[in-house]
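When reading the values below, keep in mind they use all heavy atoms of this one structure, side chains included, and skip hydrogens, waters and symmetry mates.
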Amino acid sequence: MIRPDDGLFGVAILENANLGAFLEIIAMKRSWTQSMSSDSGVTYLQAGTLTIESKRPLDVDMDGENYRQTPSRIKVLAHHLPVLTPN
């Protein structure tokens, strides 16, 4: 179960970016806690820290912001951002 205070990223890895994979993410057809790849080529993971590596330097996009390149290490800072949620 996803919680805003769990200290984990929700990660979707698209093995082949295509319309079907994009629609699966938008529709949230599967639980984020399922980590096995689906037929659409989308893998869902949760992690507190991510390391992104590539053969050549690539831009790293987080929430629409490109300010890093690979390799890049990203860590969740738990309880650093107040979030209001319904009870």
Side-chain angles (χ1 to χ4, degrees):
M1 172 130 221
I2 297 174
R3 292 189 356 246
D5 63 348
D6 63 6
L8 298 173
F9 286 110
V11 181
I13 300 172
L14 282 69
E15 295 165 19
N16 294 303
N18 60 50
L19 182 59
F22 178 73
L23 292 175
E24 180 176 336
I25 291 171
I26 297 298
M28 292 295 294
K29 290 183 181 177
R30 297 188 316 127
S31 167
W32 278 94
T33 59
Q34 293 175 297
S35 61
M36 295 174 29
S37 293
S38 69
D39 292 338
S40 67
V42 180
T43 301
Y44 298 97
L45 304 169
Q46 288 184 299
T49 302
L50 296 172
T51 301
I52 303 170
E53 299 174 341
S54 59
K55 292 180 183 176
R56 60 182 172 80
L58 297 172
D59 289 337
V60 176
D61 180 328
M62 291 179 288
D63 292 330
E65 300 291 327
N66 289 326
Y67 65 93
R68 291 191 155 186
Q69 285 196 318
T70 58
S72 187
R73 184 173 183 269
I74 306 162
K75 181 179 179 180
V76 172
L77 300 175
H79 306 289
H80 275 66
L81 178 65
V83 178
L84 299 175
T85 60
N87 289 334

| request: Following the transitive rule for hydrophobic clusters with a side-chain heavy-atom cut-off under 4.5 Å over Ile, Leu, Val, Met, Phe, Trp and Tyr, establish whether L8 and V76 coincide in one cluster. | output: no
| Side-chain (T70) to main-chain (L58) donor-acceptor, under 3.5 angstrom | yes
| said: Tell me the closest heavy-atom pair linking I52 and I74, and the distance in Å. | reply: CD1-CD1, 3.8 Å
| remark: Taking every heavy atom of R68 against every heavy atom of R73, the minimum-distance pair comes out as NH1-O, 3.0 Å
| How far apart are the closest heavy atoms of Q69 and V60, and which atoms are they? | C-CG2, 3.9 Å
